[in-house]
Amino acid sequence: MSVLAAQKQDLAALIRSALEQLIARNELPQVSIPEITLEMPKDKAHGDLASNIALVLAKPVGMKPRDIADKIAAVVCAHPSVEKVEVAGPGFINFFFTKEWVYQVLEAVESQGVNYGSADYGKNERLLLEFVSANPVGPMNVVNARAAAVGDTLARILAAVGYDVATEYYVNDAGVQTEVFGRSLLARYRQLDDPSYPFPEDGYPGAYVVDLAQKLRNEVPGFDQMEETAQLEFCRQWGIDQMVEWQKNDLLGFNVRFDCWFREQELHRANALERIIAVLRERGYIYELDGALWFRSTEFGDDKDRVIVKSDGNYTYVTADIAYHYNKLQRGFTKLIDILGPDHHGYIGRMKAAVQALGYPEDTLEILILQYVALLRDGKPVKMSKRAGEFVTLEDLVTEVGRDAARYFFVMRSLDSHLDFDLTLAAQQSSENPVYYIQYAHARICSIMAQAEQQGVVVKPVADVAWQALTNELEIDLIKKMAELPEELLTAAKERAPHRIARYALDLASLFHSFYTHCHILGEEETIRDARLVLVNCVRTVLQKVLELMGISAPERM
RNA sequence: GCGCCUGUAGCUCAGGGGAUAGAGCAUCGGACUUCUAAUCCGAGUGCCGCAGGUUCGAAUCCUGCCAGGCGCGCCA
């Protein structure tokens, strides 16, 4: 348990026993004691932790909150980690810690290293996080990029709080679009010799298809000898494989590596669609109407029932998706999270229904909706035409603004927020970019450490250092911030809110820069110097940790 | 018509029952002979979309309305 969590637990117990005493002494009427929560006040004049219990009790007890608070404060007796207790405002009870917790926090960071802040909250849960899953018919766009950054960061966060996390990319390699793609590629191939060869009206117009056709010519010598239908099928399969490889590389360049690239074709090969229908039928959720087969998803709260097999005998995409999610569950995952775009929110009801129809609890599947990205340049929208095949790709983005900056910009907003991504701002303003601001804090510490080493100064263990000398407000603020990480990380995980980590990192860096400007280290007398070295060394560890969580590098010099 | 998301400082956004609503950018004024000035310090701004309601207490929860985005297929 983290230092702060332990402290909260202690104080809650303390308050509870105080209340019990007061009730026993008839100073307070007989009431049931509600849950006691402690929170860190925004204003440090209000102490290190505060309780609103007196305000909550005012009504049931029938007394003024301040009077209740005064009684509690009088009874809350000495606790080794509490220096003083104050009643303030409308009736808050504010606790001020003794200096001992400074040591506790530093010691925790020192001993746990980059594991500091991690937890085992999610142990026992095998979680599969699916994200991006863009169709393999074009390059990654910025919406995919946002999903990649957010998904990858969330995966890291969930892993840090103890989930057994696997990430997965679903490759839709069996749909109609892949046929269209195959035809597009073949047409481009023909056009290499005959520029007047017609291009399919619904084809993919991007220049990358032309490049791919050229590659096909260069790398597949026997292609011309194939039958037309074989060529078409080859274009589809080979083309999709090429696209997947391309997507994989783009994502690797973005520091996103998936544990599994799952092919839809695998489901078809294994007759998974037929099997899933059989399972649903057996469980009584299938019926026939108007020549089609329906899944009774309304049984589980969906707006309407869904067609599973069309009257022409073909499956709908829902069928494959249900089969896919069943497959995930069969692989032993106990928790499934999908990150989808806002155009898919209507999909939530039917998929959650499917999971329940298959006999799993409703919350086994969780679907997160990630809002779109509006790309701006100089404050104006970047015109993108999918039809003309012109859009900014993930690759462009990494080239233009850099991997770290791009990742940070995507992660710094909540999933719900419609993100305005200004390329000019992200790239041109790179010297005052939040991400560099954070990295710079790390680099500065590394620089101090390097010089310390040159001077033959080593970082001692906290226990061997006069940590009591760390009394400066800037020092205390830094330590407090570090103390918050475990709870912040847990909240980020529980709320699926990676942007909290982005903000935390910025806050910590800001406190460090302020400290750095006002407090010197190497020039100071030995006791101060050694204590501060321990402090900044811990800050470095925590910065490394949060940057790592966001998949952003922690440079030693800039 | 129904569903989901959003509306907070000039701009982009945090905060999602608690004390005086915050940050970055932009604007203005200061700070480098001293561990990296990609930094720091100071200054100003808010009917928290509108109207009701719940509560000791609402930017936060509920209802209605307004505005923007996205959905509502035997398309994927």
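Every heavy atom of this structure was used, including side-chain atoms; hydrogens, water molecules and symmetry mates were not. Numbers restart at 1 for each chain; the letters A, B, ... are given by sequence-line order, proteins then strands.
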Does the separation of the ring centres of A:Phe131 and A:Tyr169 fall below 6.0 angstrom? no
Would A:His513 pass as stacked on B:C40, i.e. its ring centre under 5.5 Å from the base's six-membered ring centre and planes under 30° apart? no
Name the closest nucleotide to the A:Ala88 side chain, picking from B:A19, B:C74, B:C40. B:A19
Is it the case that the base of B:A19 and the side chain of A:Asn94 share a donor-acceptor contact (distance under 3.5 Å, atom types as modelled)? yes
Picking from B:C74, B:G16, B:C56, which would you name as closest to the side chain of A:Arg500? B:G16
Please determine if a side-chain N or O atom of A:Tyr437 lies less than 4.0 Å away from the OP1 or OP2 oxygen of B:C40. yes
Return the value, rounded to whole Å, for the distance between atom CG of A:Leu543 and atom P of B:A38. 17 Å
Pick base, sugar-phosphate or nothing for A:Ser514, based on heavy-atom distances below 4.0 Å to the nucleic acid. sugar-phosphate
Base, sugar-phosphate alone, or nothing: which one does A:Asn314 contact when heavy atoms must sit under 4.0 Å apart? nothing
Using a cut-off of 4.0 Å on non-hydrogen atoms, how would the nucleic acid contact of A:His344 be classed: base, sugar-phosphate, or nothing? base
Closer than 4.0 angstrom, basic N to acidic O: yes or no for A:Arg496 and A:Glu366? yes
Closest-nucleotide mapping onto RNA chain B: is A:Arg557 or A:Val176 further toward the 5' terminus? I mean the 5' end. A:Arg557
A:Phe421 CZ to B:G24 P: how many Å, rounded? 20 Å
Among B:U36, B:A23, B:C5, the nucleotide that comes nearest once only the side chain of A:Ala443 is considered: B:U36
Considering only heavy side-chain atoms of A:Lys59, the closest of B:C40, B:A76, B:U55 is B:U55
Write down the distance between CG (A:Asp43) and P (B:A21), rounded to a whole number of angstrom. 11 Å
Categorize A:Ser447 for me: base, sugar-phosphate, or nothing, with a 4.0 angstrom heavy-atom threshold over every strand shown. base
Output the single nucleotide from B:A76, B:C5, B:A23 whose closest atom is nearest the side chain of A:Gln371. B:C5
Would you call A:Arg66 and A:Asp70 a salt bridge, taking side-chain N to carboxylate O under 4.0 Å as the test? no
OP1, OP2 of B:A38 versus side-chain N and O of A:Tyr440: anything below 4.0 Å? yes
Which nucleotide in the list B:C74, B:A23, B:A37 gets nearest to the side chain of A:Tyr516? B:A37
Closest nucleotide among B:C56, B:A14, B:C74 to the A:Ser417 side chain: B:A14
Identify the nucleotide, in any strand shown, that forms a Watson-Crick or G-U wobble pair with B:G71, with both distances under 3.5 Å; if there is none, say none. B:C2
Can you figure out which of B:G18, B:A37, B:A76 approaches the side chain of A:Asn52 most closely? B:G18
Could you work out which one of B:A23, B:U36, B:U12 sits closest to the side chain of A:Asp420? B:U12
Name the nucleic acid region contacted by A:Val309, choosing base, sugar-phosphate or nothing; use a 4.0 angstrom heavy-atom cut-off, strictly under. nothing
Give a yes/no answer on whether the side chain of A:Thr517 brings an N or O atom under 4.0 Å of OP1 or OP2 in B:C41. no
So does A:Lys42 get a side-chain nitrogen or oxygen closer than 4.0 Å to the phosphate oxygens (OP1/OP2) of B:G18? no
Please report the distance, rounded to the nearest Å, between CG in A:Asp507 and P in B:C13. 19 Å
Can A:Asp290 and A:Lys310 be counted as an ion pair, charged N to O under 4.0 angstrom? no
Without decimals, in angstroms, what is the distance between A:Leu474 CG and B:U39 P? 17 Å
Rounded to the Å, how far apart are A:Glu484 CD and B:A14 C1'? 14 Å
Separation between the P atoms of B:U60 and B:G16, rounded to whole Å: 12 Å
Touch class at under 4.0 angstrom, heavy-atom based, for A:Lys304 against every strand present: sugar-phosphate
Within the 4.0 Å heavy-atom criterion, would you say A:Cys446 contacts the bases, only the backbone, or no part of the nucleic acid? nothing
Does the ring of A:His499 lie flat against the base of B:A14, closer than 5.5 Å centre to centre with planes under 30°? no
Using a 4.0 Å heavy-atom cut-off across all strands, classify A:Ala292 as base, sugar-phosphate, or nothing. base
Taking atom C1' in both B:G18 and B:U36, compute the distance separating them and give it to the nearest angstrom. 42 Å
Rounding to a whole Å, what distance do you find between A:Asp530:CG and B:C35:P? 19 Å
Centroid-to-centroid, A:Phe421 to A:Phe410, below 6.0 Å? yes
Please tell me which of the listed nucleotides, B:C56, B:U36, B:C70, lies nearest to the side chain of A:Pro342? B:C70
Determine: side-chain N/O of A:Gln451 to OP1/OP2 of B:U36, distance under 4.0 Å, yes or no. yes
Ring-ring centroid check A:Phe512 A:His442, cutoff 6.0 Å: no
Which is true for A:Ala450 with a 4.0 Å heavy-atom rule: it touches a base, it touches only sugar-phosphate, or it touches nothing? nothing
For a quick test of reading the model: is some side-chain N or O of A:Arg444 closer than 4.0 Å to OP1 or OP2 of B:A37? yes
